[in-house]
Structure formats: structure tokens, C-alpha cells
Amino acid sequence: MVSRIYTAAIHGIEALPVSIETVMQRGCGFVIVGLPDAAVRESYQRIISALRESGLQPPRKSVIVNLAPADIKKEGAAFDLPIALSLLLADEQILCPDPEAYMLTGELGLDGSVLPVAGVLPMAVKAREMGFKRLIVPYDNVTEAAVVNRIEVYGVRHLNDVVRLMTGEDAPAPTVIDTRALFAARCTRFDMDFSEVKGQESVKRAFEVACAGGHNLLMVGPPGAGKSMLAKRLPSILPPLSLAEALETTKIHSVAGKLSKGSMLMTSRPFRTPHHTVSPVALVGGGLSPMPGEISLAHNGILFLDEFPEFPRQVLEVLRQPIEDRVVTVSRAKYTIDYPASFMLVASMNPCPCGYYGHPTRRCTCQPGQVGKYMNKISGPLLDRIDIQIEIQPVAFEELASDEPSEPSEEIRKRVMAARLIQQERFKAYPGIHCNAQMPSRLLREYAWPDAEGMARLKERMERLSMSARAFDRILRVGRTIADLDASPSVEPHHLAEALSYRNLDRDSYGQLY
């Protein structure tokens, strides 16, 4: 008898359906075909032990298991549970009225327990798309899968639970989650708030502009000025995730195995902070067993790179293409995978090796030429892709000791969301464009072109600082965002003046010691 049961393999951040066909013949032996990796081939020992411990009989015949389609590599222990059920069906130890109505996944322990696996959310989405009626997942993954509606999701703890469920001996109620209600209740909760920040009003304004338009941002300032502290509060003023964004973001983290036990949809934008020793593969993604990198884990959120010049040049340069295209294409000899990478880059750095160039009270001890050499660790093309470049100075004691409350994140977020609504209305006819930072050059003349006075001011500044064409586009985008914050239909000269003030590293004098 040939049995067939369904599961899925993960490719990129999507699930591909896999049918498991099992046939038993005279003789002895166990063979798995269909490009299984070592973890899948080793499943036989786990399955045999799990069957014995569950009071079931291991097969006494020659077994052939085919994982179709045979040209896609099957990786990981998530195939244990469906292979075990396929064995039982082929051996006629259990009878299931409609086995092809189920999709299953799960790793088996030697005692028959069902262990959690990665990638359950994209599998649930695929199961619904293909019309499966029921999805069986490990109990620890059930809330993650249950956010997908219009499919019955069952969480199981043991192999015997699966047998009872599929044979109809025990039919527990499927797990149901009111996704929209839970998402709405959690999407505005933040651990950090800008009300805790004293001073730094100009920096807060730059953050507001960056979040309103989705612009990349670089902070330059001495140690202790508050760069990291400010950056960690950025998610609290970004617009809340939409349900579609939350689903896409959670899929990426599910595939990467980054979701904690009992997780459901992510309700806050991701904030990723890789260390400066990160490798290019860890940042971009890929590897022997392809996984999303840090820039994909930051999709729909923030990628924060502290101590920017300390990252190897090779690592920083791989950011250039994802910043422009908002997608990462990982091409290797055996596979090509596209990972989404629509993130907001936020970076911080000291102004010089000692950290005190330009400090109001402390003297810089760097040798002549060291400041310029330090700044040159970041290439011009990469700096051009950072819309907002600001300097941060330490907060004065009087501001630190002040009892005057600072503006809370909620108030800033309201202005940011109002500006984003204007942009959504503006770009509703352009799929894939949601904010000013994504606006292509062809739309600048229609939506961000200044008047004659503003153009003259921009021309004078660009010629004096020898700015690139890319910097010209980015200044116009930032100017359009500042106008949106003012609810202005046109980009006025004072909007451009503020946008130009955020190009601090374009100054001729920057990096020249006194």
C-alpha cells in the first residue's frame, strides 16, 4: 500500500508543499529519497524510538519514503512527524478517512514528544492557499500558526495525540485566535519613550523627519551624547505595523527561528542591532542552509549600526544595493533566493578615533589627518544613501537636572502618522511606494520640486559642496517630508533649508583639525 501525506519545505521566506509517499515491500531496510539532508536521513532512528515509546509497532518490512518534488532539497527535522504518520498509514496500523486533508510538521523526540520547529507561519499560509482543511503543528507553535484564519489549526504535544486526532478517536477543538483584537491591543506598547530624554530637541526633530518619511539617518557625536539611547526609542514614534506588514515580518522571523515560545504576530517594528564583528553573510543572509540575514530581520523596521566605521568595509558596502532596491537577492551555485529588505538604516559613530573632535569642553587628541582618515572608512556612495546626517552634542547639566517634562513619543507619533497618511494618499496609484524615501526620481518633479527661490538656494549649496546627483534627490525627498509634516502642498524654501541642514557631513570643513 502506498500512503501519501503532506508537509512543506521552506525556501526563502515562503513554504513549498511537499508530499510524502511511503511504500512497504518484502524485505528489510529504510530508504528516503528526494534530496534529503543529513537531518532528514537521521529521522529514521528518531521515528523508530518514538513509535516504540508510543505503543506502536515499527515497520517490519522494507520501507521507501519519497519526498516530492524530488528536485528541492529537504532540510531539518520538521519532516519527522509527517514521515512517521506516513509509515503508520502505509503499514495500515491506523486508518484515516481523509489523510490528504491534513498538512503536518514537527520534530519527534525519542519518547514520542512533538518538538517545535521553525517556519510554521509561512507553512500555515501555504496550507490555507492550497485548500487544506487542517494543519497539525507542535503545541509550542500553535499560536504562531493560528493567526492564519480559515483553516483549523491543532497543536499537539505527543505522537499519540496526532494518531487520535487523525483517526477520529479524539477530536479536540482547533485553536482559534482573534488576531485583529490581540494585534490592536498590543501594537502601541513600548518599553521606551522620548519623554525620558532630556534636551536634544534638534535631534528629536531630525528623528521625527526621518520616521515621517522613512529616511535613513546617521548620528555623529562624542561618547555619552546619547546616540544609542535615542536610537532605541525610534520604534516608539514609527507608525504602527499594519496587519499585512506584521504578517510579512513575522514570517521572516519564523523562518529564522527567532520567535519565542507561544509567539503570535509581531506587534512592534523590529529593531536589529548587529555587532560590528558581523560577517557579510550574517548581514545579508544565505549560507549553507539559507537563512534571512540581519537586514531582512529588520524588514519593516530599523537596522541600527552602532560604531559605524568599526564595521568592515566589505560589510558596509553590501548595504548599498538593499538600501536602493529594498530586496536582497542571494545567489549561490545551488540556489537563488530573494529576501525582503525594506528597512530604515540608523547608524551612529564618533567624530574621530578619540571621540572628541568638535566637543565643546574636551580637547581632541587625534593626530593631523586622523579625523579625515576615520571618516573615510565610510564610502561616499554609502553616505550619499543616508538622507539625514546630524551632529549630536552632550546635554548640558542644566537640561539634565531640569524638571520640565519632555514631549512623549505618543505626540510625536501622531505627527508622524499624519505625514504618512498624506504620503499614502499621494502614492496610492504607485504599488510598492509607501513613503517619501521610496519615491523614485521620476516622481520628484511632480511632488517635490521647489520654486525658483528654493532651487537657487539648493544650486548654490550643491555647487559649493560638490554634492552628487543622488544627494540632490535625497534633499528633495527630505524637503517633501518636512513639507508633509507642515501639511504644506508644496516644498517651500524653508523646508529645503531644513533639509540642507541635515547634510552635515557634506561640509568642506568637516574633518579638518583646528
Side-chain angles (χ1 to χ4, degrees), residues 189-211 214-238 258 268-278 282-283 293-295 297-312 315-316 319 323 343-362 364 371 374-375 377-378 382-383 385-397 399-402 406-409 412-413 416 502 504-505:
R189 295 180 185 175
F190 301 99
D191 296 330
M192 299 182 182
D193 196 279
F194 272 98
S195 62
E196 303 157 354
V197 179
K198 299 293 185 180
Q200 303 290 18
E201 298 304 323
S202 61
V203 181
K204 292 179 187 176
R205 170 63 178 177
F207 277 20
E208 181 180 335
V209 173
C211 291
H215 302 288
N216 300 322
L217 181 143
L218 173 63
M219 297 175 282
V220 184
K227 302 185 294 293
S228 299
M229 179 267 296
L230 286 161
K232 290 176 182 177
R233 285 160 173 76
L234 267 173
S236 67
I237 63 172
L238 282 169
K258 301 295 183 182
S268 59
R269 294 187 180 271
F271 183 84
R272 303 297 299 181
T273 58
H275 192 260
H276 59 75
T277 56
V278 67
L283 193 67
E294 288 291 336
I295 59 178
L297 292 171
H299 181 62
N300 290 325
I302 294 172
L303 178 68
F304 177 51
L305 302 183
D306 201 6
E307 303 297 340
F308 203 35
E310 302 304 325
F311 285 80
V315 172
L316 293 181
L319 290 170
I323 288 175
F343 61 91
M344 180 175 157
L345 174 65
V346 178
S348 69
M349 60 182 288
N350 295 331
C352 66
C354 79
Y356 296 103
Y357 174 72
H359 195 280
T361 58
R362 298 189 62 168
C364 176
V371 178
Y374 185 75
M375 296 301 300
K377 288 185 176 182
I378 307 188
L382 182 57
L383 272 181
R385 287 169 167 83
I386 300 177
D387 306 358
I388 298 177
Q389 307 157 5
I390 55 172
E391 290 184 82
I392 297 181
Q393 292 296 339
V395 181
F397 176 80
E399 290 180 313
L400 286 174
S402 172
S406 298
E407 187 177 28
S409 294
I412 304 174
R413 187 168 62 250
V416 168
Y502 295 140
N504 286 3
L505 299 188

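As the structure is a prediction and not an experimental result, all values here were calculated from the model.
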**Student:** Pair T361, Y356 - check side-chain contact (heavy atoms from CB on, under 4.5 Å), show working.
**Tutor:** CA-CA 9 Å; T361 58; Y356 296 103; over 6 Å; no
**Student:** Please assess L305 against L345 for the test side-chain contact (heavy atoms from CB on, under 4.5 Å), listing each intermediate value before the final yes or no.
**Tutor:** CA-CA 8 Å; L305 302 183; L345 174 65; 3.8 Å; yes
**Student:** For Y374, check ring-ring contact (aromatic ring centres under 6.0 Å, His included) against everything at least two apart and list the hits.
**Tutor:** none
**Student:** If you compare all heavy atoms of S195 against all heavy atoms of P408, which two are closest, and at what distance to 0.1 Å?
**Tutor:** CB-CA, 3.8 Å
**Student:** Check whether any side-chain heavy atom of Y357 lies under 4.5 Å from a side-chain heavy atom of V220, and answer yes or no.
**Tutor:** no
**Student:** Counting C-beta onward and ignoring hydrogens, is there a side-chain heavy-atom pair between C211 and L234 closer than 4.5 Å?
**Tutor:** yes
**Student:** Would you check, one step at a time, whether the test side-chain contact (heavy atoms from CB on, under 4.5 Å) holds for L382 with F308?
**Tutor:** CA-CA 11 Å; L382 182 57; F308 203 35; 3.8 Å; yes
**Student:** Find out whether I386 and I378 are in side-chain contact, i.e. whether some heavy atom of one side chain is under 4.5 Å from a heavy atom of the other.
**Tutor:** no
**Student:** What distance do R269 atom CZ and N300 atom CG have between them, rounded to the nearest 0.5 Å?
**Tutor:** 6.0 Å
**Student:** Give, for atom CE of M192 and atom OG of S409, the distance between the pair rounded to the nearest 0.5 Å.
**Tutor:** 11.0 Å
**Student:** Measure the spacing between CG of N216 and CZ of R385 and express it to the nearest 0.5 Å.
**Tutor:** 10.5 Å
**Student:** Are Q393 and P360 close enough that some pair of their side-chain heavy atoms sits under 4.5 Å apart?
**Tutor:** yes
**Student:** Are S268 and P235 side-chain neighbours, meaning at least one heavy-atom pair lies under 4.5 Å?
**Tutor:** no
**Student:** Do K204 side-chain atoms and V197 backbone N/O form a donor-acceptor pair below 3.5 Å?
**Tutor:** yes
**Student:** Any salt bridge (charged side-chain N to carboxylate O under 4.0 Å, His left out) involving residues 225-236? Give me the pairs, sequence neighbours left out, ordered by first then second residue.
**Tutor:** E196-R233
**Student:** Between M219 and L217, which heavy-atom pair has the shortest distance, and what is it?
**Tutor:** CG-CD2, 3.5 Å
**Student:** Which pair of non-hydrogen atoms, one from G355 and one from N350, has the smallest distance, and what is that distance?
**Tutor:** CA-CB, 4.0 Å
**Student:** Testing the basics here: between L218 and S348, what is the closest heavy-atom pair and its distance to 0.1 Å?
**Tutor:** CD1-N, 4.2 Å
**Student:** Within the 4.5 Å heavy-atom criterion, are Q200 and F194 side-chain neighbours or not?
**Tutor:** no
**Student:** Run the numbers on D387 and Y502 for side-chain contact (heavy atoms from CB on, under 4.5 Å), then give the verdict.
**Tutor:** CA-CA 8 Å; D387 306 358; Y502 295 140; over 6 Å; no
**Student:** Atom CD of E310 and atom CG of L316: how far apart are they, to the nearest 0.5 Å?
**Tutor:** 10.5 Å
**Student:** Does the side chain of V371 reach to within under 4.5 Å of the side chain of P351, using non-hydrogen atoms?
**Tutor:** no
**Student:** What distance separates L238 CG from I302 CD1, expressed to the nearest 0.5 Å?
**Tutor:** 4.5 Å
**Student:** Roughly how far, to the nearest 0.5 Å, is CD1 of I237 from CG of D193?
**Tutor:** 10.0 Å
**Student:** Taking all non-hydrogen atoms of both residues, which atom of P274 and which atom of E294 are closest, and how far apart?
**Tutor:** CB-CG, 3.9 Å
**Student:** Under the side-chain hydrogen bond (donor to acceptor under 3.5 Å, both in side chains) rule, collect the residues that match up with E307, sequence neighbours excluded.
**Tutor:** none
